[in-house]
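Since the structure comes first, as structure tokens, the remarks are kept for the end.
Note that ligands are numbered from 1 as they come in the structure, with each ligand's atoms numbered from 1 the same way.
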Amino acid sequence: MQIVILKDAAQVAEYGANIFIEQIKNKANSVIGLATGSTPVALYQELIKKNQQNKVSFADVTSFNLDEYLGLKGDHPQSYRHFMGEQLFNHIDIDVNNTHVPPGDAKNPLTACNAYEDKITKAGGIDVQLLGIGRNAHIGFNEPSSGLTSRTRVKTLTQATIDDNARFFAEDEYQPHLSITMGIGTILDSKKVVLLATGEGKADAIKDMVEGPLAAICPASALQLHRDAVIVIDEAAASKLADTEFYKHIEAENQKLIAHLANLK
Ligand code: F6R
């Protein structure tokens with residue numbers, strides 16, 4: 001795991017956005033994996049800004065979102081499809097036909113899960129997958145005890161996740177307790193993963209993911225198995241790690257190596 005500790009949420013968003021921008025500049029028809037929730041919003045604003053400045057084009061990009069609430073149609077204001085339109089797709093030059101979010105209104109959710117996996121495979125796999133992390137260390141909606149090799153499937157949300165996400169729903173509004181989510185195995189198949197986390201509320205999850213044992217009870221710990229996982233966090237989210245100075249030292253050395261390699265070109 002590459003652990004990048006930055007001052008604040010703005011720096012986290014910029015660092016994360018640059019990974020996607022570089023990816024798309026190097027491969028115009030990249031396949032990117034996207035996430036919802038509060039954390040990626042600032043990164044999406046960065047992508048929108050760069051797209052509107054003509055610094056990056058999404059015209060040939062294909063996207064796959066991690067998850068969707070089961071029981072919500074794509075035009076429902078709380079659906080993740082709607083969220084993606086509002087926060088990103090409606091503001092960039094991506095072809096909406098090339099954007100994929102699991103279908104929350106699927107008549108047969110099981111077939112829909114398999115079809116989603118097939119679409120990812122047919123697209124050539126995901127080049128870079130964006131992730132947030134739940135306070136219980138879920139990634140996507142892979143809640144604690146999720147199988148570490150799981151694929152896209154229907155997943156029941158924990159009460160903790162329902163409570164965390166209640167802020168997006170009105171008091172008397174129906175809040176789904178089921179989801180369709182890429183599995184941990186699906187996420188691990190991405191060529192690169194970039195996980196963003198900010199704020200003290202994520203510090204325990206980050207500690208367990210980075211320094212705890214690999215365990216289904218901490219779904220994000222599965223990223224320890226990934227050969228190219230970049231964890232971009234602010235000081236608050238890093239505050240419970242045992243050796244932040246060492247992680248910062250490694251990252252400084254990484255940056256020197258990158259600069260050296262750039263000079264060789
Ligand atoms: C969203 C998702 C979730 C969130 C996580 C953190 O598509 O898959 O795993 O990334 O719940 O959410 P925020 O960023 O709102 O704290």
Which residue and heavy atom of the protein sit nearest [atom], plus the separation:
atom                    : value
atom 15 (O) of ligand 1 : Ser38 N, 2.8 Å
atom 14 (O) of ligand 1 : Thr39 OG1, 2.4 Å
atom 16 (O) of ligand 1 : Lys202 NZ, 2.6 Å
atom 1 (C) of ligand 1  : Thr36 OG1, 3.1 Å

State, without any angle test, whether Glu22 and Asn18 hold a side-chain donor-acceptor pair at a distance under 3.5 Å. no
Within the 3.5 Å criterion, strictly below it, is a donor on Glu68 or Ser179 matched to an acceptor on the partner's side chain? no
Using ring pair (Phe, Tyr, Trp, His ring centres under 6.0 Å), reason through Phe169 and Tyr69 one step at a time and then give a plain yes or no. CA-CA 13 Å; Phe169 292 81; Tyr69 287 118; 5.7 Å; yes
Given ring pair (Phe, Tyr, Trp, His ring centres under 6.0 Å), test Tyr116 with Phe64 step by step and report yes or no. CA-CA 9 Å; Tyr116 202 67; Phe64 287 92; 5.7 Å; yes
Heavy atoms only: which of Gly201, Gly37, Gly140 lies closest to atom 3 (C) of ligand 1? Gly140
Any idea which of Asn65, Asp67, Leu66 brings a heavy atom closest to atom 7 (O) of ligand 1? Asp67
Is it the case that more than 12 heavy atoms not belonging to Arg167 sit under 6.0 Å from its CZ atom? yes
Work out whether the distance between some heavy atom of Arg167 and some atom of ligand 1 is less than 4.0 Å. yes
